[in-house]
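What follows is a single structure, written as structure tokens, with notes after it.
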Amino acid sequence: MTTPAVGIRGVTKRFGDVVAVDNIDLDITDGEFFSLLGPSGCGKTTTLRMIAGLEYPTEGSITIHGEEMGLRPPNKRPVNTVFQSYALFPHMTVAGNVAFGLQMQKISEDETNRRVGEAIDLVRLSGMENRRPGMLSGGQQQRVALARALVNRPEVLLLDEPLGALDLKLRQAMQLELKEIQREVGITFVYVTHDQEEALTMSDRIAVMNDGQLLQVAPSEEIYERPNTRFVAEFIGETNLITGTVSEPGVVKLEDGSLVRARTHSAAGTAVTLNLRPEKIDLHNTEETIPEHFNKLSGTISRRLYFGDSLFYEVNFGHTIVDAREENRPGRQRFEEGAPIVAAFHPDSAQALTE
Amino acid sequence: MTARQSTTLTRRLDRFLTGHAWLVYLFFYLPILVLIVFSFNESRFFTWEALSLRWYRQMFANDNLMAALWVSLQVATISTIVSTVLGTAAALALERYKRWLGKRTFDALLYLPVIIPDVTMAAMLLVFFTSLGQQLSITTIVLSHIAFNISFVSIVVRARLANLDPSLEEAAADLYAGRWQAFRKVTLPLIMPGVLGGALLALTLSLDDVVITQFVKGPDTLPTFVFGLIKRGVTPEINAVSTLMLTASVVLVLSSLALQRKK
């Protein structure tokens, strides 16, 4: 196995009595776009700051390409950070900001100028070299922060919610751009965010954190399709959590006694929660139109919301209310509030969670 | 009450308050104005005779006064430089290093010279120097001025530091700057207006101080010399000296404020 770009072993960080990061192990592969995702206060930023050297672990070890970082200060680590507030130096020009790291490393003036020019091109800020950060828009400041870090060709680039301060449209544009830049430079990106959509769009792999612990580390698709806990299922996207008990292998009995086939390896008698995404549910008038192997549950529409690109239904099954989402496509049947319906979903779409 | 009546009342109140403000200004600044005007008066008495620079000439010809001025300038320069360096260092320690032993105590004690009466501070310093067997001299004046100026400098610098995003210094460290480089290239340029503002404040306070200097002085400074002259009767020469000191103070204070306001 190759050496990971970042290796985290048994790392714990305490601030007084508060455990910010609780004994985590994590390998970040060279060249991947890796996201640390979780609600605020989950320890994701603290983890990032420990890789940067801005905080030191209370216990455990952090390696970068196999090299132990220990108590090495940030200026001696082969990583650079894009800060949440950008932290651009207000008294320097754009070019001055970007050149700072190279000047501190005593890189020759010729090479510094060349690399600064390249980095400014890369983030498409040519012509702005002599402006002060105060004269730039939020998106432009964000690019300067990115160029200032990338110009040093770090082994790992750390990004702390870099798009948090931008408005939605700009944020989406920057997501694509960041991902493109990452592919172009091939540097390992470690990206901290609380925005699950952002993490899903950009990342090769995601680590979901809560209360200082790593809940699941997996590729984006797996995180969404096969969350390993209720927390991950609920945090990533929208979902329905339905309680039940395994009655026999592959079958779960819901609270009203109805049986559904689901993805489960638990033994009979185990209490489980079914994770069923709204878009995996199809609504029908009658059972007749539903393929044989699908699960079928009868209920009534209790609420309908029009979202433009989709229709959102609240379906009442008596023992539970489930959200369903149908794409707004031509020919799709629409259901009125109060209408009796049959909900259908594939057994693979219902995943039984035990934690 | 009708609306018209109420607006008339507001207008009357407005006029009263404006008048009141002008009276207060008059009370504050009339003596100063009188002093400045009479410093250019030919006559020795408070009757206007003719415009003259007689008292300014006499002032510059007064060797004792010039000696006192020289002492003042030396004391102010040295105490300003030392207290600016130490006060800035204290501000950094209090604002940037979050946990260290005795920080709270130091924090509280640092501002003592600002709070306690000058007379108390003066008596303390005098007792301190004499108990050490230290001869009162220009050195004891300098040391005393440093003692109170550190507090003022650190208050001003700290205000500036508190508004400085700590992640700027982290960014510098992240971009391969050592501690000293990060301070010199990022922190210092950004707090410079505060540092200079603090320095000018220190300079003003040192040039103006009478009470503390009076207790610990060896040679006279300009303010204590003037104080001594007054005891022997007011001459228009004092008006000239005062006008000069006033001008210097106003310039220094205004520059200090301008620097502190600078972005």
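Labels below follow one simple rule: chain letters A, B, ... track the order of the sequence lines, proteins then strands, and each chain is numbered from 1. None of these values were measured; they are calculated from a predicted model.
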Q. Quick one: do the B/Ser206 and B/His145 side chains pair a donor with an acceptor below 3.5 Å?
A.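 The answer is yes; a qualifying pair exists.
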Q) When you check the side-chain N and O atoms of B/Asp165 and B/Ser167, is any donor under 3.5 Å from an acceptor? A)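 Yes, a side-chain donor-acceptor pair sits under 3.5 Å.
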Region of [X] that comes under 4.5 Å of a non-hydrogen atom in chain A:
{"X": "B/Ala182", "answer": "neither"}
{"X": "B/Leu190", "answer": "side chain"}
{"X": "B/Asp174", "answer": "both"}
{"X": "B/Glu170", "answer": "both"}

Treating [X] as the side-chain partner and [Y] as the backbone partner, does any N or O pair qualify as donor plus acceptor under 3.5 Å?
{"X": "B/Lys217", "Y": "B/Ser137", "result": "no"}
{"X": "B/Glu95", "Y": "B/Leu92", "result": "no"}
{"X": "B/Asn149", "Y": "B/Ser83", "result": "no"}
{"X": "B/Thr120", "Y": "B/Ile116", "result": "no"}

Q. Parallel under 30°, tilted from 30 to 60°, perpendicular over 60°: which one fits the rings of B/Phe152 and B/Phe148?
A.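 Rings of B/Phe152 and B/Phe148: perpendicular, as their planes differ by over 60°.
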Q.
Between A/Pro74, A/Gly53, A/Ala52, who has the most heavy-atom pairs with chain B when the cutoff is under 4.5 Å?
A.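 Among A/Pro74, A/Gly53, A/Ala52, the one with the most close pairs to chain B is A/Pro74.
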Q: Mind ranking A/Gly134, A/Pro90, A/Ala145 by heavy-atom pairs under 4.5 Å with chain B and telling me who comes out on top?
A: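 The answer is A/Pro90.
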Side chain, backbone, both or neither: which part of [X] has an atom under 4.5 Å from a heavy atom of chain B?
{"X": "A/Phe89", "value": "both"}
{"X": "A/Leu102", "value": "neither"}
{"X": "A/Arg148", "value": "both"}

